[in-house]
Protein chains: 2
Amino acid sequence: MIDRTIVPSTDRKRGEGVKLVYDILRDDILDLVLPPGSPIDEVQLAERLSMSRTPIREALVRLAGEGLVTALPNRSTIVSNIDFLNLHTFFDALTLMYRVTTRLAAECRTEVDLEIIRTRQAEFTRAVEAHDALAMIATNRNFHAAIAEAGRNPYYISLFGRLLDEGRRILRIYYSSFDDHLPRRYVIEHEDIIAAIDARDVEKADQLASAHADQIVRHIQEMIGRDRRQRIAL
Amino acid sequence: MIDRTIVPSTDRKRGEGVKLVYDILRDDILDLVLPPGSPIDEVQLAERLSMSRTPIREALVRLAGEGLVTALPNRSTIVSNIDFLNLHTFFDALTLMYRVTTRLAAECRTEVDLEIIRTRQAEFTRAVEAHDALAMIATNRNFHAAIAEAGRNPYYISLFGRLLDEGRRILRIYYSSFDDHLPRRYVIEHEDIIAAIDARDVEKADQLASAHADQIVRHIQEMIGRDRRQRIAL
DNA sequence: TGCATTCTTTGTGTCGACAAATAAAATACA
DNA sequence: TGTATTTTATTTGTCGACACAAAGAATGCA
């Protein structure tokens, strides 16, 4: 395993310890450096980061709240499994959040929002051109998160964030199978979505987000299973 | 303040302490026994429940993850405020979750699910007949949570639960203004929703849930402000 | 009297240590 | 030899204590 979590220098400011552990664990979980089912040893982590178990436990509790780890009582907490049997619930929720957040963005976006969204899209495009699958996954996530932010509904932002994270884990499993033409299609679809948001065309934004979601879901399902999403006629 | 959190007997089983604190705080927050902005003193709580600060901190971290409390760095954590300025985001998400969960319930419900839903509805009816506003708020929440459970989408269940909790706090503020005819209307609307779920009529369930949500939102807005929800044409 | 500075108080953030619980290893028994 | 029981080991859950940070009180100075 890549040991990019070497003991960082001592003397940390009060309150930064938790965030440090949280960020490290979160990244390792989402990048599958810590694959689902991996046990997380508190003492070991504490030693590696040269801190006590208290801040580590707090980070673990927070991660458990987001569903990224599962705490087994009196036994080591493990990285949460990906529930492949119920992936349709994930696809269903993801599609709905794609649509709702894009709609809201078309409704409320400011010029500043648009600028941020375009920046994220530029980063995504760069990752596609560089054929960097991992960067593509991460920048794609940030692009849609930025759209959600423009929609300004904290409930959707939070759920969508969780779903995008889970998607990052799932995509990470199949990142090697990313071929060229699909990502390029995504770039174009992103541009269309931006245009609809810019034009404040809510229905068009909805329709594009819906198609984009279908695209992604189909993409993932090509690699795994059958589409069992709820079909909502809009 | 009502001191219903008197020191419960000592010798607790290992691991039950956190759940105890969590449940007490959660209930007190949702019932507004602890109003928004109330500081939560860890030491004081620890003494009252005769336990150390560690399990209390864990409970607070979990509550913070759900947005029920806000942790101010190096200062006492406080009960989260209700964002009245952005209530429309709450109404928007609540309406969407009403619809989506009811749709899914109509699609996937088993006989056991229906039985549980009917039990919750009976409890709600009883609360209405007893003119017990607090019980009405709680049982109404449980009724809709049961429908979400029948839909079996963990993402919706979790977001909806959060929204219903927040709704419980908001309703609690105005519980004195609950008159007789509105709750009775709710009872009937609930019965209709159950019938649609029973008949597996997805579109009907959606339509009824939508109307029910509108009803509740209007009800709350009569007491506060103007409806600014996103209007999604279905 | 008004403002800046120092001191005190209050309460969190972190630590090291102990005890309970579970899993694994070792032992006893049929 | 296979199963049940005891022992050991590992790892969590909880505790009490200390140190740091911020808010408020007290003091000094103009």
Side-chain angles (χ1 to χ4, degrees), chain A residues 1 5 7-26 28-29 34 37-65 67-81, chain B residues 1 5 7-26 28-29 34-65 67-81:
Chain A
M1 181 176 122
T5 56
V7 186
S9 65
T10 47
D11 47 62
R12 243 186 309 275
K13 278 165 211 156
R14 185 188 173 87
E16 286 187 355
V18 179
K19 188 174 166 18
L20 178 72
V21 190
Y22 174 84
D23 288 340
I24 289 178
L25 284 178
R26 200 185 118 92
D28 282 357
I29 292 170
L34 293 174
S38 309
I40 299 175
D41 189 322
E42 297 177 3
V43 185
Q44 192 180 322
L45 251 177
E47 280 172 7
R48 197 167 5 155
L49 303 178
S50 57
M51 59 173 75
S52 113
R53 275 176 52 219
T54 309
I56 277 141
R57 289 200 113 237
E58 180 170 334
L60 286 177
V61 171
R62 282 173 54 183
L63 288 167
L68 289 179
V69 303
T70 307
L72 309 176
N74 286 314
R75 231 160 325 135
S76 124
T77 69
I78 60 171
V79 177
S80 296
N81 287 312
Chain B
M1 181 176 121
T5 55
V7 186
S9 65
T10 47
D11 47 61
R12 244 186 309 276
K13 276 166 212 157
R14 185 188 173 87
E16 286 187 355
V18 179
K19 185 171 166 22
L20 178 72
V21 191
Y22 175 85
D23 287 341
I24 289 178
L25 284 178
R26 201 185 116 92
D28 283 357
I29 291 170
L34 292 174
S38 308
I40 298 175
D41 189 323
E42 297 175 3
V43 186
Q44 192 180 321
L45 250 177
E47 281 173 6
R48 195 159 16 145
L49 302 180
S50 57
M51 59 174 73
S52 113
R53 277 175 52 219
T54 309
I56 278 140
R57 290 200 114 237
E58 180 169 335
L60 286 177
V61 171
R62 283 173 51 184
L63 288 167
L68 289 179
V69 303
T70 307
L72 309 176
N74 286 314
R75 233 160 325 135
S76 130
T77 71
I78 60 171
V79 177
S80 295
N81 287 311

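Numbered from 1 within each chain, the chains take letters A, B, ... in sequence-line order.
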I need the [atom1]-[atom2] distance between [X] and [N], as an integer number of Å.
X      : N       : atom1 : atom2 : value
L49(B) : dT14(D) : CG    : C1'   : 14 Å
E16(A) : dA21(D) : CD    : P     : 11 Å
K13(B) : dA19(C) : NZ    : P     : 21 Å
L72(A) : dT12(D) : CG    : P     : 10 Å
L45(B) : dC15(D) : CG    : P     : 13 Å
L20(A) : dT14(C) : CG    : P     : 11 Å
D41(A) : dA9(D)  : CG    : P     : 18 Å
E47(A) : dT10(D) : CD    : P     : 13 Å

task = Quick one: which residue pairs count as a salt bridge (Lys or Arg N to Asp or Glu O under 4.0 Å) with a foot in residues 37-46 of chain B, not counting sequence neighbours?
result = E42(B)-R53(B), E42(B)-R57(B)

Which is true for [X] with a 4.0 Å heavy-atom rule: it touches a base, it touches only sugar-phosphate, or it touches nothing?
X      : result
R75(B) : sugar-phosphate
V43(A) : base
I40(B) : sugar-phosphate

inquiry  = Let me spell it out: for each of E42(A) and R14(A), pick the nucleotide of DNA chain D with the closest heavy atom. Which residue's pick is nearer the 5' end?
reply    =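 Of the two residues, E42(A) wins.
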
inquiry  = Rounded at 0.5 Å granularity, tell me how far CG in L34(B) sits from CD1 in I78(B).
reply    =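 It is 12.0 Å, given to the nearest 0.5 Å.
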
Polar atom pairs between nucleotides 16-18 of chain C and protein, under 3.5 Å, N or O only, would you list them?
none

ask   = Which atom names give the shortest non-hydrogen contact between I29(A) and V69(A), and what distance separates them?
value =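 Smallest heavy-atom distance, with atoms named: CD1-CG1, 3.6 Å.
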
request  = For I56(A) and A46(A), work out which heavy atoms get closest and say how close.
outcome  =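 Looking at all heavy atoms of both residues, the closest pair is CD1-CA, 3.2 Å.
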
Donor-acceptor contact present, side-chain S80(B) to main-chain L68(B), <3.5 Å = yes

ask   = Among all residues two or more places apart in sequence or in another chain, which pass the side chain to side chain donor-acceptor pair (under 3.5 Å) test with S38(B)?
value =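 None.
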
query = Toward the 5' end of DNA chain C, which comes first, G15(A) or N74(A), by nearest nucleotide?
reply =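 First, find each residue's nearest nucleotide; the 5'-ward one identifies G15(A).
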
task = Apply side-chain contact (heavy atoms from CB on, under 4.5 Å) to L25(B) and L60(B), showing your working.
result = CA-CA 9 Å; L25(B) 284 178; L60(B) 286 177; 3.8 Å; yes

